[in-house]
Each structure stands twice: as structure tokens, then as C-alpha cells.
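Here the structure is laid out as C-alpha cells; the discussion comes afterwards.
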Amino acid sequence: MALFHPAAALLTFSLSACALAATPAFVARDHVAEGVFTAGIEGPATGPDGALYVVNFGRDGTIGRVDAQGNAELFVELPDGSVGNGLRFGADGTLYVADYPRHNILAIDPASRAVRVFAHLPAAHQPNDLALAPDGTLYASDPDWTKVDNGQLWRIDRDGRVQLLEAGMGTTNGVEVSPDGRRLYVNESVQRTVWVYDRDAAGALSNKRLLIRFDDHGLDGMRCDAAGNLYIARYDAGVVAVVSPEGALLREVPLTGRKPSNVAFGGADGRQVFVTLQDRGAVETFQAEQPGREYGQQPAPHR
């Protein structure tokens with residue numbers, strides 16, 4: 001049996017970090033090989049351990065864990081009939097899962113990997129993506145793919161109570177909260193629109209307005225960086241669009257795959273962006289200039 005040597009592990013980590021730091025910003029490469037996840041690949045989120053968690057590893061109804069080198073393994077199998085989509089980690093490490101067939105928000109204990117129903121949305125079409133506000137409030141998009149003007153938006157409080165915030169929307173998909181918690185963003189895939197709401201201290205929404213509209217292709221999951229810029233998966237366009245808080249298109253990051261389904265931040269400094277690709281069953285990655293607003297719990301600095 002080989003002996004573990006902390007210095008060797010630190011050297012490996014340091015070399016990996018240096019290699020990432022030397023990579024030009026906004027240049028995508030493969031992180032997880034093609035076909036490791038199913039076509040239902042979605043919901044990337046970085047956990048308190050720094051690993052990336054992604055739904056549908058090998059087969060639908062699972063969640064995979066991906067280490068810093070891109071090695072994937074099974075983390076948990078969901079209950080029969082459950083399939084995950086959006087993922088978010090709470091401040092205590094709980095992993096929240098949008099279980100769209102059963103209209104639930106699941107909660108997974110990171111230590112025991114026990115799965116429980118945190119909230120049930122009986123009037124939902126299919127809870128899709130999740131956003132977690134700094135105060136622990138969850139928001140869930142809820143598209144109706146059979147009727148494109150029937151989308152919904154839900155709020156899930158810290159005690160699991162649910163509230164329908166809006167109905168009659170487009171195909172609600174990506175959802176995100178600004179770094180200061182004062183804005184909520186929701187996009188509509190078929191309509192190619194991104195809406196922004198003001199969010200008060202109690203989590204209530206008001207003053208809905210259009211942030212940006214795209215001329216072609218679809219929209220999927222999105223995340224904010226620490227500066228408030230939105231990173232939006234442009235489904236069928238093969239890019240991640242970066243949009244300012246004022247609604248200006250700052251750049252588009254080209255990908256190998258054409259169908260990005262979601263994005264998440266991670267890495268040692270929070271600047272590594274992970275992109276799930278539906279048409280490849282793979283995860284691509286690139287370096288951003290800013291860290292994400294949330295990217296897992298990082299180790300305390302040495303003193």
C-alpha cells in the first residue's frame with residue numbers, strides 16, 4: 001500500500017492550480033469526458049468539499065461527484081421515480097435538488113447522503129433550476145414545455161413552505177440572485193428573454209423589467225459572478241453569454257458542445273466555470289476574471 005504524503009498532495013494541488021492560472025481566461029476545455037453523464041446532465045454546483053456535483057451520472061436519477069482532476073464517481077442514487085435538475089448547496093452543506101418528475105425539492109445530507117423531501121410543489125409543472133439567496137431562501141423556475149406561455153416561478157422558504165410568485169410566464173428556466181441579494185433574475189428559454197426583479201429584505205419581489213433579449217437560440221441555466229455579471233448557458237448556440245447587471249452583452253465564450261444546459265463556479269479561487277453539455281454528456285470548463293458569487297466553502301488562508 002502506498003503511503004499518503006501531505007507534501008506530495010500539496011505539490012500536486014499547487015501544480016494543478018498553477019496550470020489553471022496559466023490558462024488564458026475564457027478559453028474552454030474538457031473537464032469531464034464525453035458520455036460520462038447522460039443527456040440529462042444538469043445542475044452543476046460546487047460543494048463545501050470543493051468538488052463539483054452534477055445530476056445524471058451514468059444513468060438518470062443519480063448525482064455524480066467530480067474531483068478537481070475531472071474524475072467522476074457516483075455520489076447518490078435518488079429515490080425511485082425521482083430525477084434531479086437544478087442543484088444548490090445551503091450554508092450548512094445541505095444539497096438541495098429540484099426533483100422534476102415528483103414535483104419536490106429534495107435535501108441531501110452531505111455526510112450520511114440521506115435523501116428527504118424538503119418541500120413539495122403540488123401545482124408545479126416541473127421544478128427546474130434553483131437559486132439560493134444569501135438569506136437561505138430558494139427560488140425555483142417551473143417551465144411548461146407543452147405550453148410555452150404557462151411558466152411559473154416559486155419561492156421556497158427556509159422552513160420548506162412554498163409560495164407561487166408568478167404564473168403565465170414564458171418557459172422559465174435559469175434563475176439566479178445577485179451577490180447582494182437585492183435582485184432576482186429569471187430567463188425564459190423559448191422567448192429568449194432575461195427578466196430582473198427587485199428583491200427586498202423579506203424576499204418579496206417587485207418592479208419586474210426586461211434585462212436583455214436575445215435574437216436567436218435558447219437560454220438555460222445561469223450564475224452570477226462576484227461583480228454581478230450573469231453567465232448564461234445559450235442552448236443550441238454553443239456559447240456561454242456574459243451579461244452585465246445593466247443588461248449589456250460583455251462577451252460570448254465558445255464551447256465544443258452546442259447545447260450547454262447550465263453553469264457553476266468553483267476551483268481554488270472561485271474563478272473556474274463549469275459548463276454541462278447536453279449533447280456531449282460532458283463538462284467543459286474555463287477560467288473567468290471574477291470569482292462566482294457562490295462556489296463552495298474554501299479553506300481558510302494560512303496565517
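From a predicted model like this one, the values you see are computed outputs, not experimental measurements.
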Separation between CG of Leu255 and CG of Asp30, rounded to the nearest 0.5 Å | 10.0 Å
Looking only at heavy atoms, the pair that brings Cys224 and Leu230 closest together is SG-CD2, 3.6 Å
Answer yes or no: is there a donor N or O on one side and an acceptor on the other, between the side chain of Asn128 and the main chain of Asp142, under 3.5 Å?
-> no
Might you point out which heavy atoms bring Pro254 and Ala28 nearest each other, and give the distance in Å?
-> O-CB, 3.6 Å
So does Asp80 have more than 12 non-hydrogen atoms from other groups sitting under 6.0 Å from CG?
-> no
Separation of Trp195 CH2 from Leu205 CG (nearest 0.5 Å) | 14.0 Å
Sequence neighbours left out, what pairs pass salt bridge (charged side-chain N to carboxylate O under 4.0 Å, His left out) with at least one residue falling in residues 185-202?
-> Asp135-Arg199, Asp198-Arg209
State which residue, out of Tyr295, Tyr231, Phe274, fulfils the ring-ring contact (aromatic ring centres under 6.0 Å, His included) condition with Phe265.
-> Tyr231
Roughly how far, to the nearest 0.5 Å, is CG of Asn229 from CZ of Arg293?
-> 13.5 Å
Can you tell me if Glu294 uses its side chain to pair, donor with acceptor, with the backbone of Arg88 under 3.5 Å?
-> no
Does a side-chain heavy-atom distance below 4.5 Å link Leu184 with Val186?
-> yes
Could you give all pairs that pass the salt bridge (charged side-chain N to carboxylate O under 4.0 Å, His left out) test and reach residues 65-77, with sequence neighbours left out?
-> Asp49-Arg65, Arg59-Glu77, Arg65-Glu73
With the side chain counted from C-beta on, respond yes when Arg183 and Pro245 share a heavy-atom pair under 4.5 Å apart, and no when they do not.
-> yes
Just say parallel, tilted or perpendicular for the rings of Phe26 and Phe286, cut-offs at 30° and 60°.
-> tilted
To the nearest 0.5 angstrom, please state how far the OG1 atom of Thr276 sits from the NE2 atom of His31.
-> 12.5 Å
Minimum heavy-atom distance Val263-Gly221, with the two atoms named = CG2-O, 4.3 Å
Would you say Gln287's side chain and Val27's backbone share a donor-acceptor pair under 3.5 angstrom?
-> no
Main-chain N/O of Asp220 paired to Asn187 side chain as donor or acceptor, under 3.5 Å = yes
Backbone N or O of Gly61 within a donor-acceptor pair of the Asn56 side chain at under 3.5 Å?
-> yes
Please answer whether the main-chain N or O of Gly151 pairs with a side-chain N or O of Thr172 as donor and acceptor at a distance below 3.5 Å.
-> no
Partners of Tyr96 by side-chain hydrogen bond (donor to acceptor under 3.5 Å, both in side chains), sequence neighbours excluded?
-> none
Pairs touching residues 143-156 that satisfy salt bridge (charged side-chain N to carboxylate O under 4.0 Å, His left out), sequence neighbours left out = Arg155-Asp157
Apply side chain to side chain donor-acceptor pair (under 3.5 Å) to the pair Glu166 and Tyr197, showing each step before the final yes or no.
-> CA-CA 12 Å; Glu166 190 170 348; Tyr197 303 75; 2.6 Å; yes
Transitive ILVMFWY cluster of Tyr235 at side-chain heavy atoms under 4.5 Å: who else is in it?
-> none
Correct closest heavy-atom pair for Leu219 and Asn173 would be O-ND2, 3.5 Å
Would you check if there is a donor-acceptor pair between the side chains of Gln278 and Ser261 at a distance under 3.5 Å?
-> no
Can any side-chain N or O of His120 pair as donor or acceptor with the backbone N or O of Ile105 at less than 3.5 Å?
-> no
Does Ala124 offer a backbone N or O that forms a donor-acceptor pair with the side chain of His103 under 3.5 Å?
-> yes
Ser112: partners by side-chain hydrogen bond (donor to acceptor under 3.5 Å, both in side chains), with sequence neighbours left out = Asp109
Report yes or no: does Ser141 contribute a side-chain atom to a donor-acceptor pair with the main-chain N or O of Asp129 at less than 3.5 Å?
-> yes
